[in-house]
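All chains are named by letter (A, B, ...) in the order of the sequence lines, taking the proteins before the strands, and each is independently numbered beginning at 1.
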Amino acid sequence: MLRHHISHELRPQTTAHLAQTMAFLQLNTLELENTLINELNQNPALELVEERRCPTCGKKLSQGPCPTCARLTDDGAPVIYLSTRQSFGSHDGAAEEDRADSYEPHTRESLEEFILKQIAADLTREERPIAAYILLQLDEDGLLTEETVEIAAYLRAPLATVERVLGLIQHAEPVGVGARGPIESLLIQIEALKGTASENLRNLARAIIVDAFDLLARNDLRQIARQLRSPLATVELAARFIQRNLTPYPGRAYWGDGKTPSEDLPAYHEADVNITLQRRGTETPATLMVEIFTPLAGTLRVNPTLRAAMQELTDQDAGKQEKWAQAVERATLITKCVQQRNHTMRRLMEILVNHQKDFILNGDGSLKPLTRSVVAKTLGVHESTISRAVASKTIALPSGRIVPLSKFFDRSLSVRDRVRQIIEAEPRPMTDDEIADALSRDGIDVARRTVAKYRNMLGILPANLRHRPAGVPVVA
DNA sequence: CTATGGCACGGATT
DNA sequence: AATCCGTGCCATAG
């Protein structure tokens, strides 16, 4: 999906601006920062003062939460404050002017960019577009749906070149992306683990994947052992190795639901919101520190000097006056937009954090169901506002996991969790029908078919395969 | 025959 | 208007 940046279409028409106001919300932080930097460069009326002020009380701040407004209370209420990254927008003098011309928007790093960066150095000029094309063809699991021959034909490039590029992609982090299917992906990943696992183990794992993949998916280890003429114990070991260290969907690893070794993988991008745990003293109530990243360090405002200078303009400078007036109007609008955005984000996070506190602290499984519309109601804004505020934003949990903010909204989660609990609790494997019954006894009425889906989402094998040491299944 | 997975169709949500 | 989700029907495996 290509990012759309909003262009310089901010012509002064006051009513149309209202629509633009909301548009600012949906921009993710980096994109907003880009537009703001652009604006700062070309609008003299807009000014960035280096100091940061508490959005609530207006006091100057150096860093972190406002000590007075968001003081660490002992009632356990989360502390929510706005913050900025220092990375971009060094905002002075000469460097600034360079930037104005050769400005290249910072976009959030997508999986594609993340990979491209790693292999860029190894690509020739001709290979670059090939790499770009391949990366765009990856599906959501990070797998390549198209054959290399087709790609070569389509791009009119030599097959060998295409395959070379693909090889580079496949060996970049996360290893295995760009494979033409789960099996190939797993094999690539095995190769990449050369140093860490014993030769025998890897060989067996490879054999299982190649010759008995479907059996593995069904967790039928006994049959695998027979077919490969290997001792069952060894096969179990290998299967375990596969399940623990490999994923058939490398592109998913990062979004994974905690089962995947995603904690070790580098984050593809930084989050828009950061939650940390602040332990105060020894008594338990640790405070949640919610840091909302806003674009640009400092505070936007309309340049007071310019505003003053405008008063002194004589009427014969009508042209200039008009021009400046527009600039000022536009600058005012933008600062208002940003303030609005910050305010909404703060209130939104307040609700979100309070509602999902357990999830933040205890991880998945403690998620409570929540819909955008109820938040919109309690917040008193339109639903679409929430949608925009949530869309394409991510949040870093105290555990270090980065998840999309939309994860906080899930209407069916409570039921899914009940399913998990029921399955974990029951001694004998229950069929989906029985689970459905059990649920209805709890007052939750869902169809049998739905239970099956939840089971799958949770990565739990069907009842008949689920006997004793049901390991974590390979296929989601 | 029973238990599941696949496809696809409304209906709700965003 | 686009997307997501629950569900019913049917094919398939055991």
(message) How many whole angstroms separate atom CG of A:Asn456 from atom C1' of C:dC5?
(response) 15 Å
(request) Measure the distance from CG on A:Asp432 to P on C:dG8 and round it to the nearest whole Å. (result) 14 Å
(request) Find the distance A:Leu439:CG to C:dG6:P and express it as a whole number of Å. (result) 12 Å
(message) Just verifying a value: how many Å separate A:Ile334 CD1 and A:Glu39 CD, rounded to the nearest 0.5 Å?
(response) 3.5 Å
(message) If you assign A:Arg449 and A:Asp433 each to the DNA chain B nucleotide with the nearest heavy atom, which residue ends up on the more 5' nucleotide?
(response) A:Asp433
(message) Main chain of A:Glu434, side chain of A:Thr431: is a donor-acceptor contact present, judged purely on distance under 3.5 Å?
(response) yes
(request) Indicate, with a heavy-atom threshold strictly under 4.0 Å, whether A:Arg372 touches base, sugar-phosphate, or nothing. (result) sugar-phosphate
(message) Distance check needed: B:dT14 P versus A:Phe408 CZ, whole Å only.
(response) 16 Å
(message) For the CZ atom of A:Arg372 and the CD1 atom of A:Ile386, what is their distance to the nearest 0.5 Å?
(response) 9.5 Å
(message) Under 4.0 Å from OP1 or OP2 of B:dT14: is there any side-chain N or O of A:Ser373 that close?
(response) yes
(message) Between P on C:dG6 and CG on A:Asp445, what's the gap in Å once rounded to a whole number?
(response) 14 Å
(request) May I ask you to say what A:Arg416 touches in the nucleic acid, namely base, sugar-phosphate or nothing, with a heavy-atom cut-off under 4.0 Å? (result) nothing
Contacts under 3.5 Å, N or O only, protein and nucleotides 10-14 of chain C:
unit_1 : atom_1 : unit_2   : atom_2 : d
C:dG14 : OP1    : A:Arg218 : NH1    : 3.2

(request) Please check the phosphate of B:dT14 (OP1 and OP2 only) for any side-chain N or O of A:Ser384 closer than 4.0 Å. (result) no
(request) Return yes if some donor-acceptor pair links the side-chain N/O of A:Gln227 with the main-chain N/O of A:Asp211 below 3.5 Å, else return no. (result) yes
(request) Check whether any side-chain nitrogen or oxygen of A:Tyr454 sits under 4.0 Å from OP1 or OP2 of C:dG6, and answer yes or no. (result) yes
(message) Between A:Gln340 and A:Lys336 (side chain of the first, backbone of the second, donor and acceptor by atom type, cut-off under 3.5 Å), is there such a pair?
(response) no
(request) For A:Ile460 and B:dT4, give me the distance from atom CD1 to atom C1', rounded to whole Å. (result) 15 Å
(message) What is the separation between atom CD1 on A:Ile435 and atom C1' on C:dT7, rounded to the nearest whole Å?
(response) 17 Å
(message) Once rounded to the nearest 0.5 Å, what's the spacing between atom CG of A:Leu36 and atom CG of A:Leu300?
(response) 5.5 Å
(message) A side-chain contact here means heavy atoms from C-beta on lying under 4.5 Å apart; do A:Ile460 and A:Tyr454 qualify?
(response) no
(request) Let me know the distance between CD of A:Glu383 and C1' of C:dA2, rounded to the nearest Å. (result) 15 Å
(request) Could you check whether A:Thr450 gets within reach of a base, just the sugar-phosphate, or nothing at all, counting any heavy atom under 4.0 Å? (result) base
